[in-house]
Undergrad: 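Just dropping this structure here.
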Amino acid sequence: MEISYFIWIGLIGSLLTVSDCYLSATAKDKFVPENHKHWNNLEHRTCGFSLKNRIIGGRSVRLGKYPWLVRLGKLRSASAHSLRNPAANMVFPCGGAILNRLFILTAGHCFLDPKSLPTTVRAGEFDTSKEIDCHQEFCAPPVQDIRIKEYYTPRYFKPNSMENDIALVLLSKPIEFSEVVAPICMPTFSLSKSNLTGKSVEVAGWGLTNIYTRKTPTVLHSVTLKVVENTWCKMYKEKHSSFPFNIICAGNESGKDSCSGDSGGPLMLPVNEHGTIRYYVVGVVSYGPEACGETNSPGIYTYLAQFEQWILNLINTN
């Protein structure tokens with residue numbers, strides 16, 4: 001399997017100015033994603049299933065549990081040595097989720113620094129300390145490093161307040177799907193207009209597991225949280241005075257949270273469909289309290305249902 005490394009990139013983020021549907025609090029109640037002309041560009045038949053078909057305070061997960069998770073990487077430095085061996089000099093400040101073979105969902109704040117933009121998406125990672133991941137007799141294919149061709153953020157993305165903190169990444173070539181690399185599902189109309197408060201959701205990544213030691217795991221970790229609408233969440237929504245309806249809050253239990261390195265990763269809702277668990281992306285990790293996982297303050301997630309039309313407008317395979 002070919003691994004592509006992007007040594008230099010000159011990205012100019014594209015701003016979509018058509019159909020800013022996320023500006024309305026009722027957008028998700030009016031838009032039927034199944035009727036969008038690009039809906040069938042998503043992988044509805046195979047999306048959202050773990051290999052087994054079925055972070056702060058988190059636990060390590062089994063190989064293939066979240067095959068849609070990717071990492072957004074960039075070179076640590078531009079030294080001669082790093083250019084000869086770019087894979088060894090990669091850092092991965094953000095996560096993301098596979099929507100189809102060409103498009104990745106992540107956070108807008110991952111592209112804030114024009115001098116140090118992510119250049120590569122890595123798919124198929126599980127244990128960062130190993131070249132090949134194996135479980136019992138099964139071994140996964142090598143990771144795929146694919147160059148970022150372009151990225152998109154909403155016209156009203158506000159970096160200072162993190163309002164409308166979402167981005168869509170277009171890859172330079174298609175991802176190769178396998179048992180450990182597959183897309184997550186986008187919400188259907190019935191799911192996007194449902195009330196998520198009190199629902200159990202999951203986040204996963206390779207972010208900090210201890211805020212004080214700055215420890216990060218080598219193996220993918222996950223944590224289960226509750227979607228909440230409490231005093232803390234209302235306070236955060238007041239900060240998002242223009243677009244309070246475009247965020248949701250999850251996690252109000254001390255010791256459980258998403259943290260640094262999980263930015264841009266998906267907030268995942270497991271749904272039981274005819275006895276089989278299928279995962280839908282309902283949010284994007286945006287930000288949280290400074291001492292993440294140390295208070296009862298929830299994490300803040302960009303509410304995907306409000307941006308589904310914006311995303312589908314962009315997901316054109318032509």
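All figures in this text were calculated on a predicted structure; none of them were measured in a lab.
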Undergrad: Hey, could you give me the CD1/CZ distance between I104 and R71, rounded to the nearest 0.5 Å?
TA: 14.0 Å
Undergrad: Hey, what do you get for OG (S172) to NZ (K149), rounding to the nearest 0.5 Å?
TA: 8.0 Å
Undergrad: Test side chain to side chain contact (heavy atoms under 4.5 Å, CB included) on Y280 and I184; report intermediate values, then the result.
TA: CA-CA 6 Å; Y280 291 82; I184 194 169; 5.7 Å; no
Undergrad: If we only count heavy atoms from C-beta on, is the P33 to W39 side-chain gap below 4.5 Å?
TA: yes
Undergrad: Counting neighbours of CD on E34 that are heavy atoms of other residues, nucleotides or ligands and sit closer than 6.0 Å, is the number greater than 12?
TA: yes
Undergrad: Has H274 got a side-chain atom pairing as donor or acceptor with N272's backbone, closer than 3.5 angstrom?
TA: no
Undergrad: Report, one line per pair, each donor and acceptor closer than 3.5 Å where one atom sits in a side chain of residues 241-249; sequence neighbours left out.
TA:
unit_1	atom_1	unit_2	atom_2	d
S242	OG	K158	NZ	3.4
N246	OD1	Q306	NE2	3.3
N246	ND2	Y22	O	3.0
N246	ND2	N164	OD1	2.7

Undergrad: Work out which heavy atom in D145 is nearest to a heavy atom in R122; give both atom names and the distance.
TA: OD1-NE, 2.8 Å
Undergrad: Between H36 and E308 (side chain of the first, backbone of the second, donor and acceptor by atom type, cut-off under 3.5 Å), is there such a pair?
TA: no
Undergrad: Can you hop from M186 to L314 via hydrophobic side chains spaced under 4.5 Å?
TA: yes
Undergrad: Do S286 and H109 pair up side chain to side chain, a donor and an acceptor below 3.5 Å, judged on atom types alone?
TA: no
Undergrad: What is the distance from atom NZ of K193 to atom NZ of K30, rounded to the nearest 0.5 Å?
TA: 15.0 Å
Undergrad: Quick check: is F138 connected to Y66 through a chain of hydrophobic side chains (ILVMFWY, heavy atoms under 4.5 Å apart)?
TA: yes
Undergrad: For E163, what residues pass the side-chain hydrogen bond (donor to acceptor under 3.5 Å, both in side chains) criterion, not counting sequence neighbours?
TA: S161
Undergrad: Of all residues at least two apart in sequence or in a different chain, which pass the side-chain hydrogen bond (donor to acceptor under 3.5 Å, both in side chains) check with N195?
TA: T197
Undergrad: Where do I315 and N41 come nearest, in terms of heavy atoms and distance?
TA: O-ND2, 2.9 Å
Undergrad: Atom OG1 in T218, atom CD in E125: separation rounded to 0.5 Å?
TA: 10.0 Å
Undergrad: Quick check: do L105 and V281 have side-chain heavy atoms less than 4.5 Å from each other?
TA: yes
Undergrad: If you take all heavy atoms of G95 and L72, which pair is closest and at what distance?
TA: O-CD1, 3.8 Å
Undergrad: Please say yes or no: joined through hydrophobic side-chain contacts below 4.5 Å, possibly via intermediate residues, are L269 and F189 part of one cluster?
TA: no
Undergrad: Could you list all the side-chain hydrogen bond (donor to acceptor under 3.5 Å, both in side chains) pairs where at least one residue sits in residues 178-189, not counting sequence neighbours?
TA: T188-S190
Undergrad: Look at the side chain of H221 and the backbone N and O of G205, then say whether any donor-acceptor pair between them is shorter than 3.5 Å.
TA: no
Undergrad: Please list, chain by chain and in numerical order, all residues satisfying side chain to side chain contact (heavy atoms under 4.5 Å, CB included) with K130, sequence neighbours excluded.
TA: D127, D133
Undergrad: What is the distance from atom OG1 of T120 to atom CD1 of I148, rounded to the nearest 0.5 Å?
TA: 6.5 Å
Undergrad: For A167, which residues count as a side chain to side chain contact (heavy atoms under 4.5 Å, CB included) partner, sequence neighbours excluded?
TA: T106, F111, T153
Undergrad: Is P183 close to F177 at the side-chain level, that is, under 4.5 Å between some pair of heavy atoms?
TA: yes
Undergrad: Any non-hydrogen side-chain atom of P142 less than 4.5 Å from a side-chain atom of E131?
TA: no
Undergrad: Tell me the salt bridge (charged side-chain N to carboxylate O under 4.0 Å, His left out) pairs involving residues 228-248, sequence neighbours left out?
TA: E229-K237
Undergrad: F103 vs L171, test: side chain to side chain contact (heavy atoms under 4.5 Å, CB included). Steps then yes/no.
TA: CA-CA 6 Å; F103 284 94; L171 300 177; over 6 Å; no
Undergrad: Main chain of E176, side chain of Q144: is a donor-acceptor contact present, judged purely on distance under 3.5 Å?
TA: yes
Undergrad: Which residues end up grouped with L112 if you chain together Ile, Leu, Val, Met, Phe, Trp and Tyr wherever their side-chain heavy atoms are less than 4.5 Å apart?
TA: F157
Undergrad: Using a 3.5 Å distance criterion without hydrogens, assess whether the side chain of S192 forms a donor-acceptor pair with backbone atoms of P187.
TA: no
Undergrad: Give every residue pair that meets the disulfide bond (SG atoms under 2.5 Å apart) criterion with at least one member in residues 144-196, sequence neighbours excluded.
TA: C47-C185
Undergrad: Between I146 and K173, is there a side-chain heavy-atom distance shorter than 4.5 Å?
TA: yes
Undergrad: Starting at CH2 of W206, measure out to CZ of F126 and round the result to the nearest 0.5 Å.
TA: 9.0 Å
Undergrad: Going by side chain to side chain contact (heavy atoms under 4.5 Å, CB included), name the residues that satisfy it together with P270, two or more places apart in sequence or in a different chain.
TA: E202, I277, Y279
Undergrad: Can you check whether A204's main-chain N or O pairs, donor with acceptor, with S222's side chain at less than 3.5 Å?
TA: no
Undergrad: Between F307 and T302, what is the shortest heavy-atom contact and its length?
TA: CE1-CG2, 3.5 Å
Undergrad: Taking the side chain as everything from C-beta on, heavy atoms only, tell me whether P266 gets closer than 4.5 Å to V284.
TA: no
Undergrad: Would you say the side chain of L99 lies within less than 4.5 Å of the side chain of W68, judging by non-hydrogen atoms?
TA: no
Undergrad: Please identify each residue that fulfils side-chain hydrogen bond (donor to acceptor under 3.5 Å, both in side chains) with S116, with sequence neighbours left out.
TA: K74
Undergrad: To check you understand the geometry: which heavy-atom pair defines the closest contact between L63 and C134, and what is its length?
TA: CD2-C, 4.1 Å
Undergrad: Under 4.5 Å between side-chain heavy atoms, counting indirect links through other Ile/Leu/Val/Met/Phe/Trp/Tyr residues: same cluster for Y156 and I311 or not?
TA: yes
Undergrad: What is the minimum heavy-atom distance between Y301 and A250, and which atoms define it?
TA: CE1-CB, 3.7 Å
Undergrad: For L225 and V203: C-alpha separation, side-chain torsions, deciding distance, then whether side chain to side chain contact (heavy atoms under 4.5 Å, CB included) applies.
TA: CA-CA 8 Å; L225 309 167; V203 288; 4.0 Å; yes
Undergrad: So, using side-chain hydrogen bond (donor to acceptor under 3.5 Å, both in side chains) as the criterion, who are the partners of S24 when residues are at least two apart?
TA: T26
Undergrad: Before you tell me yes or no, could you show the steps for I98 and V70 under side chain to side chain contact (heavy atoms under 4.5 Å, CB included), namely the whole-Å CA-CA distance, both residues' side-chain angles and the distance that decides it to 0.1 Å?
TA: CA-CA 7 Å; I98 299 171; V70 299; 3.5 Å; yes
